Amino acid sequence: MAEAVTPRDEDYSQWYQDVVRNGQLAENSPARGCMIIKPNGMALWENMRDQLDQMFKDTGHENYYFPLFIPERFMEREAEHVEGFAKECAVVTHSRLTQDEEGNLIPDPDSKLGENYIVRPTSETIIWDTYSKWIQSYRDLPLLYNQWANVVRWEMRPRLFLRTAEFLWQEGHTAHATREEAVEEAERMLEVYSTFAEEYMAMPVMQGRKTASERFPGAVDTYCIEAMMQDGKALQAGTSHFLGQNFAKAFDCTFTDENNEETYVWATSWGVSTRLIGGLIMTHSDDQGLVLPPKLAPHQVVIVPLFFDDDQEGPVMEKCERLQEKLEDAGVRVKMDDNHTQSPGWRFSEHELRGVPVRLALGPRDLENDNVEVARRDTQTKEVVPQEGIVDRVLDLLDEVQQGLYDQAQERQEDTTHVVDDYDTFKEVIEEEGGFVWAHWDGTEETEARIQEETSATIRLIPFDREEREEGEDMVTGEPSEGRVLFAQAY
RNA sequence: CGGGGCGUGGCGCAGCUCGGUAGCGCACCUGCUUUGGGAGCAGGAGGUCGCCGGUUCAAAUCCGGCCGCCCCGACCA
């Protein structure tokens, strides 16, 4: 059954679907564009969520919860925000169903709502309406809050985890007395995302700011982290927005400062979603299926006991259970696969498809020699080692895997990042190799749009230190460029 | 919304050109033998062939309409 997963170079998007399915992460749902997140996928998300949540708490944030439904009129308040989200909003118009003459279920005309609700595509509007009530004085600031929630954006072309009509995410919404403080907050949270991506997901990212056309609707500035996938396309993995006073003005949110002057509040918002799982998959997984970094894997180690008759079962299981205990005492997430009905080979493959970083197999032969077989998922290597010191060996191995995955991804990102000066070469690189391309840009939307039109590559980000790098000439127009920006085709 | 492909047991597919009452692999159930890289044999269960209509003695197959899914674009985290 080696063909459980379609090879990447044969059909990349089929490979992706195969990895998601075989990894037991998620499947399509009867509701179009939505996904059913299976226990293995949810456990992965929970690990990501718990880690991020801790990092938010460590930077002074608290959680709260806002409703799923937002009064429709709120969407009209901020002009750019409406424009950005109106065309992908689900709308609730009735409160109950009834049957028509033919017995078909229809929305009950008598239950038409006096005011429509939209299902939140993001929560800025309802939150800023509320903040305007919570904030009076500079003494009320800052507000540093976050919520874990689901949101709905009615998408045309869904892809499990990468783009689904409903997805899980977190959205932080902060309020500040000064512009500087808000900008700092947006930068701080981008840094948190970057640290999380690199240290936990083992996914190297580029940081920068978005161009006006890629900016969050309603933001003054959008910061982002971008990661490079194995097929040469970039993935926006997280965004952090400096919202200026746009939402404060739209929702009349003011405070009285130390000088008794009424001022609009400064805002940020920032979010990452279950899309990160898509990024994780496309960063590390291979033709054998899912590969997960130990820090986030639902199970870091799986123990597969091997026994061939009832006499062997007792001693083998006893040894395996003790091993499990010792590993758990050391803080390792361990799964014991004592499934009697599947052959060892089947179970080995299953855990590989699920991306478990380390597998320990222990049978009668190992019992005799005080050995245990250790296999690592990322390199597909295995060795037989003494049981003595196995816990330390496993702990070291998990660190090695985590680091190895990062190094490999980092190396690939470097190999596929190009510096290009002329447009012909740019087109060639984008079409044939993909990856990131640093090139000069004159700063106009026209040029940006033309490049996208002709190559389908977009400006993924403008580096924060652009001005400090070298100046040059736009590769298309020859106009002056303040510095290179990062291009790529993207998800 | 454009262009392409596809809807047949749980999953993957064949059958359709040339109409004749549905088949294969995997999975599932029972039993025995097995088990260090997706085990073998024997028996068994499971399908109104996406939906609606038409042609016909007879439709998975031909004709018309509709629905859905996947891939490639436009939109997007």
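In what follows, every heavy atom counts, from backbone to side chain, and hydrogens, waters and symmetry copies are set aside. Keep in mind that this is a model prediction, so the values were computed, not measured. Quick note on labels: first sequence line is chain A, next is B, and so on, each numbered from 1.
A/Ser349 has no side-chain polar atom (N or O) that falls below the 4.0 Å cut-off from OP1 or OP2 of B/G37. Considering only side-chain N and O atoms, A/Gln380 lies nowhere under 4.0 angstrom from the phosphate OP1 or OP2 of B/G37.
As rounded to the nearest Å, B/A60 and B/G20 have P atoms that lie 9 Å from one another. Spacing of P atoms, B/C49 relative to B/A22, comes out at 11 Å, to the nearest Å. A gap of 14 Å separates the P atoms of B/C6 and B/C63, to the nearest Å.
Counting only distance, with no hydrogens or angles, the side chain of A/Asp337 and the backbone of A/Val304 share no donor-acceptor pair below 3.5 Å. A donor-acceptor contact shorter than 3.5 Å is absent between the side chain of A/Glu431 and the backbone of A/Glu428.
The aromatic rings of A/Tyr12 and A/Trp15 sit tilted, their planes meeting at an angle between 30° and 60°.
Comparing B/A74, B/G38, B/G36 against the side chain of A/Leu306 picks out B/G36 as the nearest.
Side-chain atoms of A/Lys382 and base atoms of B/G36 include no donor and acceptor less than 3.5 Å apart. For A/Gln342 against B/G38, no side-chain N or O and base N or O form a donor-acceptor pair under 3.5 Å. At a cut-off of 3.5 angstrom, counting only N and O atoms as typed in the model, there is no donor on one side facing an acceptor on the other between the side-chain of A/Arg153 and the base of B/C76. Residue A/Arg359 places a side-chain atom within donor-acceptor reach of the base of B/G37, judged by atom type and a 3.5 Å distance cut-off alone.
Base contact: A/Thr164 has a heavy atom under 4.0 Å from a base atom.
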- [ ] Just do the salt bridge (charged side-chain N to carboxylate O under 4.0 Å, His left out) check on A/Glu187 and A/Arg209 with the steps written out, would you?
- [x] CA-CA 10 Å; A/Glu187 289 170 352; A/Arg209 79 180 74 231; 6.0 Å; no
